[in-house]
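Read through the structure below, which is laid out as structure tokens, and then see the notes.
Worth saying up front: this structure is predicted, and the values here are computed from it rather than measured. Note on naming: letters A, B, ... go to the chains in the order of the sequence lines (proteins, then strands), and numbering restarts at 1 for each one.
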2 protein chains.
Amino acid sequence: MGAEEAQTEKLIKDTAKVLFFQKGLLKATTQEIADEAGVNRALIHYYFRSRDQMLDILLEETIQEKKGRVKRILSSELPFRLKIAHFIDAVVDYGLTYPYLENFLISEMARQPDKLKDFCARDRVKSSDLIREQLEEEIRKKRMAPITAEHFMINLSAMCNYPLLAKSILQTIHGMTDSAYRKFLMDRKQIIYTTIFNEDMPELTHKKELQY
Amino acid sequence: MGAEEAQTEKLIKDTAKVLFFQKGLLKATTQEIADEAGVNRALIHYYFRSRDQMLDILLEETIQEKKGRVKRILSSELPFRLKIAHFIDAVVDYGLTYPYLENFLISEMARQPDKLKDFCARDRVKSSDLIREQLEEEIRKKRMAPITAEHFMINLSAMCNYPLLAKSILQTIHGMTDSAYRKFLMDRKQIIYTTIFNEDMPELTHKKELQY
DNA sequence: TTTGCGTTTAACAAAATTGTTAAACAAAAT
DNA sequence: ATTTTGTTTAACAATTTTGTTAAACGCAAA
């Protein structure tokens, strides 16, 4: 349709993101993506040259966005516990959109370790570094048991991300509908906070300022 | 070599398990498996008819074994906290062998949900049911904060399994060698226990009796 | 030693998937 | 109206992967 910008390109990318990161179809073919987007398969090669290059772009974009949100929260001026509460909130919320994102990244790393090494290293600006000082002060003040920043962040990431990665398993075992699963994840925000701090999670204000 | 039992069949299965569940190569082809095992590709079809059927068998066998170990521990007569300590120990140890097992299961569920539904449901005899009573007593006695058995088990599974699923990511970010990663996982056993119970993990006796 | 049976292989056929190309098309600019 | 530009498509070629088959092989029992 002539000069209609990168509209179609975005349509393809968004469709592919849904198949890969939301529905967990790691092996979705270019044909399946094209069908889902309602375009011809050759278009994908026109815009992205190859399936692999498209995948790189999708991963790059999506992970950068997620990491951006997280980093914005962890490097904010909030007090420690409130910061962690916002982290939990943001990671779980984002996971509702793309539950299989990390799952996908993991598979790709096994397939082409070299390519993703630097990408991953550059990207994952160790989040543990962003909370180390505050965490250590918290421990010094005897407000929580001693733990390294690395293990603390991994505990936190684990409890937030695992139910996302394992979405299909959890839904099957407990016979949850999509909306039940959604509610289950919302409950978990509280649970995770309480498991770590042994107290109720505070109300979250400033949510919007921290999103972008 | 004549009457040499199902020796070769086992060789192929073990090789495939290593590629799929240990190295995380979800897309390993029948050719790659055959090469790695040092046999001709057609052998795989001779023994398993198709790649998909072999995959089913591998998943079935491996998950059953892992679940067997876990269930044996959770349905033992041990006191609650010791039981959980053994659970952590067993899951992390098994994960050192096949870190990508769950990752693989998750991907397969997205690909063929129906086939794995009953398999998964029958298999995952909700572990939360096996600890509910003891957990509730623990809470009644005010020895820990209130939490449902489901969320408790998911917290636990998350902290044990996530570092396994995310093996490649963690190793890359923190520049860990295989042996460093191994040590890191061993440390985590303590960390996980302490995060949940706010006390040091007890010594584990009876390890052998609980393994089989 | 030869017959039989499980095991192993190479060669072939079929299917699925990716990547390329040249032509058709539609809208905007000239 | 025609040219131009970017977009879209169908048809084709190449590659990869899977699945089949018939024959060869080696050991053990007859």
Side-chain angles (χ1 to χ4, degrees), chain A residues 1-21 23-60 100 104 107-108 110-116, chain B residues 1-21 23-60 100 104 107-108 110-116:
Chain A
M1 305 162 199
E4 217 148 310
E5 309 272 305
Q7 194 186 342
T8 306
E9 184 176 353
K10 188 163 189 314
L11 169 69
I12 292 173
K13 285 202 291 190
D14 288 345
T15 305
K17 284 179 187 175
V18 168
L19 289 184
F20 287 134
F21 308 143
K23 299 192 177 173
L25 300 169
L26 274 73
K27 297 176 186 169
T29 64
T30 52
Q31 186 65 64
E32 287 170 316
I33 297 166
D35 288 349
E36 189 83 7
V39 300
N40 185 286
R41 190 176 59 82
L43 248 190
I44 291 172
H45 295 96
Y46 171 79
Y47 282 118
F48 305 102
R49 186 120 194 125
S50 77
R51 185 182 182 278
D52 267 8
Q53 280 192 43
M54 177 175 64
L55 245 175
D56 289 349
I57 292 172
L58 297 179
L59 274 175
E60 176 79 28
Y100 297 108
F104 205 96
S107 302
E108 279 303 298
R111 212 168 58 95
Q112 29 186 353
D114 299 331
K115 184 188 283 185
L116 285 173
Chain B
M1 307 159 194
E4 221 150 309
E5 310 272 306
Q7 194 187 339
T8 306
E9 184 177 353
K10 188 167 187 315
L11 169 67
I12 293 173
K13 284 202 292 191
D14 289 344
T15 304
K17 283 178 187 175
V18 168
L19 289 184
F20 287 135
F21 308 143
K23 299 192 177 174
L25 301 168
L26 275 72
K27 295 178 187 169
T29 64
T30 53
Q31 186 64 61
E32 287 171 315
I33 296 167
D35 289 349
E36 189 83 6
V39 300
N40 186 286
R41 189 176 60 84
L43 249 191
I44 291 172
H45 294 97
Y46 171 78
Y47 282 118
F48 305 101
R49 187 115 195 130
S50 77
R51 184 182 184 277
D52 267 8
Q53 279 193 44
M54 178 174 66
L55 245 175
D56 289 349
I57 293 172
L58 296 179
L59 274 175
E60 176 79 29
Y100 297 108
F104 204 97
S107 300
E108 279 304 297
R111 211 169 57 96
Q112 30 186 350
D114 299 332
K115 186 188 280 185
L116 286 173

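Considering Phe104(B), Phe21(B), Phe20(B) as possible partners of Leu26(B), the one that fulfils the side-chain contact (heavy atoms from CB on, under 4.5 Å) test is Phe104(B).
Rounded to whole Å, the distance from CG on Leu55(B) to P on dG19(D) is 11 Å. Between Leu43(B) atom CG and dA10(C) atom P there is a gap of 11 Å when expressed in whole angstrom units. Between the CZ atom of Phe48(B) and the P atom of dG19(D) there is a distance of 13 Å, given to the nearest Å. Straight-line distance from the OH atom of Tyr47(B) to the C1' atom of dG19(D): 18 Å, rounded to whole Å. If you measure from atom CD of Glu9(A) to atom C1' of dT8(D), you get 15 Å, rounded to the nearest angstrom. For the pair Ile44(A) CD1 and dT9(D) C1', the computed distance is 13 Å after rounding to whole Å.
A heavy-atom distance below 4.5 Å is found between the side chains of Asp52(B) and Arg111(B). Contact check for Met54(B) versus Ile33(B): side-chain heavy atoms found under the 4.5 Å cut-off. Residues Glu108(B) and Leu59(B) form a side-chain contact, since some pair of their non-hydrogen atoms from C-beta on lies under 4.5 Å apart. At least one side-chain heavy atom of Thr29(A) sits under 4.5 Å from a side-chain heavy atom of Glu32(A). Using a 4.5 Å heavy-atom cutoff, the side chains of Tyr47(B) and Lys13(B) are not in contact.
Residue Lys27(A) places its NZ atom among more than 12 non-hydrogen atoms of other residues, nucleotides or ligands, all under 6.0 Å distant.
Taking the screw axis at each terminus of the helix from dT1(C)-dA30(D) to dT30(C)-dA1(D) from five consecutive base pairs, the angle between the two is 10° to within rounding of 10 degrees.
Distances were taken from every side-chain heavy atom of Arg49(B) (C-beta onward) to each of dT7(C), dT8(D), dT20(D); the shortest belongs to dT20(D).
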Take nucleotides 11-18 of chain D nucleotide by nucleotide from the 5' end and write B, S or -, depending on whether a protein heavy atom sits under 4.0 Å from the base, only from the sugar-phosphate, or from neither. ------SB
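In this model, the phosphate group of dT7(C) is approached by a side-chain N or O of Tyr46(B) to a distance below 4.0 Å at OP1 or OP2.
The distance from atom NZ of Lys17(B) to atom CG of Leu19(B), rounded to the nearest 0.5 Å, is 13.0 Å.
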Could you go through residues 34-45 of chain B and list every donor-acceptor pair under 3.5 Å that involves a side-chain atom there, pairing it with any protein atom two or more places apart or in another chain?
from	atom 1	to	atom 2	distance (Å)
Asp35(B)	OD1	Gln31(B)	NE2	3.0
Asn40(B)	OD1	Ala42(B)	N	2.8
Arg41(B)	NE	Gln31(B)	OE1	3.4

